[in-house]
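Chain identifiers are assigned alphabetically (A, B, ...) following the order of the sequence lines, protein sequences preceding nucleic acid strands; residue numbering begins at 1 within each chain.
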2 protein chains.
Amino acid sequence: MDERKRQVLNAIIKDYIATAEPVGSRAVAKKYALGVSPATIRNEMSDLEELGYLEQPHTSAGRIPSDRGYRYFVDHLMEREVLTDEEINLIHLNLSRRLNEVDTFMRQCCQFISQLTNYTVMMIMPQVGKGKLEKITFIPLNDNQVLLTILTTSGLVSSRLLQLPVSVDAKSLKILEDLLQQKLGGKEMKELNVTLLREVSNLMSRQKQLVEQVLELMDQALSPQEDERVFTGGALNMLSQPEFRDIDKLKNIFGLLEEDDKIKQLLMQKTRQRGTSVAIGQELPGGKMKDCSIVVSSYQVLGGMTATIGVLGPTRMLYPKTIPLMEFITSELTDLFGRK
Amino acid sequence: MDERKRQVLNAIIKDYIATAEPVGSRAVAKKYALGVSPATIRNEMSDLEELGYLEQPHTSAGRIPSDRGYRYFVDHLMEREVLTDEEINLIHLNLSRRLNEVDTFMRQCCQFISQLTNYTVMMIMPQVGKGKLEKITFIPLNDNQVLLTILTTSGLVSSRLLQLPVSVDAKSLKILEDLLQQKLGGKEMKELNVTLLREVSNLMSRQKQLVEQVLELMDQALSPQEDERVFTGGALNMLSQPEFRDIDKLKNIFGLLEEDDKIKQLLMQKTRQRGTSVAIGQELPGGKMKDCSIVVSSYQVLGGMTATIGVLGPTRMLYPKTIPLMEFITSELTDLFGRK
DNA sequence: AATAGCACTCTCCTTCAGTGAGTGCTAAAA
DNA sequence: TTTTAGCACTCACTGAAGGAGAGTGCTATT
């Protein structure tokens with residue numbers, strides 16, 4: 001893999017990313033003045049194909065990058081674009097705006113990033129289940145309804161509405177609250193399973209039935225299923241990509257976007273790596289997304305938890321732009337959620 | 001418009017709904033034994049076209065229903081399908097399941113209805129802003145964060161996290177809470193604008209600055225924009241409709257689905273009518289959705305508020321199935337939210 | 001008033017040749 | 001040995017032409 005091969009590969013990938021059309025030897029020689037003739041380029045292209053970096057849709061067409069080609073491009077060739085001041089300002093403006101409840105914030109964030117990148121965005125929420133419980137509160141709303149709010153060390157608030165089958169007076173509730181606070185405060189959220197809760201319930205022998213019911217509701221409300229919400233935005237952007245003119249491909253992708261579990265799987269797989277990573281084409285699980293890539297980036301929240309953002313686009317993605325963008329955004333988010 | 005014309009129109013629309021292909025005179029005569037020859041049918045079809053109920057894609061093709069034709073079908077011709085026991089059970093099962101926080105419930109509801117109908121579903125949440133304020137609570141979480149929860153007469157809870165720029169002690173907060181409760185309790189939510197809040201703030205002269213800030217945050221948090229959340233589900237279903245093989249049409253529709261404001265507009269327009277109503281093709285505003293219809297249905301929530309569900313599909317929609325389905329679902333929801 | 005017959009229209013499909021972009025190979029030049 | 005020019009070849013794409021098929025509209029007949 002000598003220097004000229006790299007130049008040729010770089011040129012082809014850049015051109016293909018820009019045009020979505022197979023790139024011919026003549027075009028490379030012309031646009032990216034490498035000082036050699038098309039014939040020479042052809043030889044190099046032939047070599048690159050043999051090495052697995054390029055593909056040919058049919059014998060008399062130009063070349064397109066293979067997944068492996070993109071991988072090499074991302075790892076070794078591309079020159080990262082530097083964010084413009086304008087973009088930086090825009091990001092600051094949009095991310096610093098009133099720190100809402102997590103839910104709203106995530107939704108806005110998705111929309112904003114999808115506008116910025118022109119790709120589809122998927123996010124998973126910082127998992128409440130992973131911090132330590134800091135404060136637990138019951139608010140009696142009326143005889144049957146109680147609002148349960150939980151604050152974790154990560155600074156996240158999660159609130160759930162509990163429908164009680166029997167009425168409870170405020171005093172009993174207060175006692176229960178104090179007890180739970182005392183027993184559960186400082187514990188890891190994920191330890192709050194039925195077993196532990198039941199232990200507590202044994203202590204409250206007086207109103208055993210009530211306690212049991214409250215605890216069961218709590219357990220249910222805090223289940224991971226409820227916990228790890230998935231957000232998406234900018235699915236529309238997929239429709240503008242020429243590679244997804246085909247309805248069947250679109251069906252695959254939109255099908256995935258409506259299944260939260262699949263998205264989680266997709267994002268979690270890459271989350272272990274710190275910072276920003278890329279999965280290209282076949283590197284994605286399932287095989288249904290062979291023409292897609294995702295840029296996955298995590299940000300830290302207080303308490304050592306991570307939240308994850310994924311940008312989904314065609315393999316022919318603007319990596320040199322998208323990757324720095326996501327790195328910057330997640331570092332901003334880490335800042336935002338990292339300081340109290 | 002004699003009986004036979006109606007039979008012919010009915011037959012054509014039923015056939016077109018089933019096949020999405022222009023319907024010819026021969027096909028009508030064969031499948032829907034009307035006891036007359038294709039030639040006779042042709043004459044009737046020609047008349048129906050003159051009356052505006054049918055259209056012809058080109059001279060030598062069969063006929064397809066016009067928007068007006070569908071309208072006549074929905075209003076006068078169609079035989080409503082009766083829900084099967086299976087469907088009724090399924091609906092019961094899915095709607096009665098644990099009454100979660102509104103948010104989660106709405107999301108699940110959207111998904112469920114889109115699966116049931118095979119169309120795209122849009123919902124707007126019961127508007128918190130339309131009930132009366134019943135109970136207001138501050139929960140101090142730490143020095144800077146306060147959780148504001150509001151219960152309305154409709155039985156809905158809405159909670160918002162407030163970030164205070166200065167720290168507040170619990171006692172002051174309690175005083176403020178009591179005062180707000182006293183002054184604002186029983187007031188219509190939509191009256192809770194800055195003016196009224198400021199009035200309150202004048203009463204709290206001691207800690208004026210703090211109060212101002214809290215109130216401003218409250219006002220912001222309760223703004224209608226935050227209030228009227230829009231949910232969608234089953235956008236994927238659109239991709240299976242043959243009329244939306246065309247990417248540009250899809251873009252229009254998906255574009256709309258990502259704009260909450262447009263959806264609100266769409267649903268609100270029809271909401272005034274009680275019960276279930278249908279908007280067909282050009283009857284929809286904007287002109288971008290000329291091949292779509294929506295079935296809009298509202299359900300009542302305690303306190304006289306209404307929430308709205310819209311089912312979006314092609315004009316060639318299974319009206320006889322979808323309309324009864326939506327009527328049943330909304331009546332179930334009214335039941336569910338109507339009883340305490 | 002309903003129907004059979006028939007010419008006519010228009011789309012869709014297939015075929016076919018022409019065009020152009022691009023390759024791969026070979027032989028000559030550097 | 002590497003690079004280049006030349007050239008034949010391949011293959012997708014386009015547009016024209018022709019045939020098939022579905023369906024209509026008109027007219028004459030029942």
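Distance A:R4 CZ to D:dT1 C1': 12 Å, rounded to the nearest Å. If you measure from atom CD of B:E44 to atom C1' of C:dA2, you get 11 Å, rounded to the nearest angstrom. What separates CG of B:L34 from C1' of C:dT3 is a distance of 15 Å, to the nearest Å. The CD atom of A:E21 sits 18 Å away from the P atom of C:dG20 (whole-angstrom rounding). We find that CD1 of B:I64 is positioned 14 Å from P of D:dG23, with the value rounded to whole Å.
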Under 3.5 Å, which N/O atoms of the protein pair with N/O atoms of nucleotides 22-25 of chain C?
from: C:dT23; atom 1: OP1; to: A:S25; atom 2: N; distance (Å): 3.3
from: C:dT23; atom 1: OP2; to: A:S25; atom 2: N; distance (Å): 3.2
from: C:dT23; atom 1: OP2; to: A:S25; atom 2: OG; distance (Å): 2.7
from: C:dG24; atom 1: OP1; to: A:R63; atom 2: NH2; distance (Å): 3.3
from: C:dG24; atom 1: OP2; to: A:R63; atom 2: NH2; distance (Å): 3.4
from: C:dG24; atom 1: N7; to: A:R42; atom 2: NE; distance (Å): 3.1
from: C:dG24; atom 1: O6; to: A:R42; atom 2: NH2; distance (Å): 3.1

List, with names and distances, any nitrogen or oxygen atoms from the protein found under 3.5 Å away from nitrogen or oxygen atoms belonging to nucleotides 28-30 of chain D.
none

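For residues 241-266 of chain A, every residue pair satisfying the ring pair (Phe, Tyr, Trp, His ring centres under 6.0 Å) rule, not counting sequence neighbours, is listed here: A:F254-B:F254. Identified under the side-chain hydrogen bond (donor to acceptor under 3.5 Å, both in side chains) test for residues 57-69 of chain A, with sequence neighbours left out: A:E49-A:R63.
A salt bridge links B:D75 with B:R71: the closest approach of a Lys/Arg side-chain nitrogen to an acidic carboxylate oxygen falls below 4.0 angstrom.
For C:dA2, the OP1/OP2 oxygens have no side-chain nitrogen or oxygen of B:T40 closer than 4.0 Å.
For the ring-ring contact (aromatic ring centres under 6.0 Å, His included) with A:Y53, the qualifying choice from A:Y72, A:F73, A:Y16, A:Y70 is A:Y72, the only one to do so. Between A:E44 and the options A:R6, A:K5, A:Q7, a side-chain hydrogen bond (donor to acceptor under 3.5 Å, both in side chains) holds for only A:K5.
Within the 4.5 Å cutoff, the side chain of B:V278 has no heavy atoms near those of the B:V296 side chain.
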Donor-acceptor pairs under 3.5 Å, side chain of residues 21-32 of chain B to any protein atom, not counting sequence neighbours: which ones?
from: B:S25; atom 1: OG; to: B:R42; atom 2: NH1; distance (Å): 3.2
from: B:K31; atom 1: NZ; to: B:D15; atom 2: OD1; distance (Å): 2.9
from: B:Y32; atom 1: OH; to: B:D15; atom 2: OD1; distance (Å): 3.1

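With sequence neighbours excluded, the residues forming a side-chain contact (heavy atoms from CB on, under 4.5 Å) with A:E81 are A:P320, A:K321, listed by chain and number.
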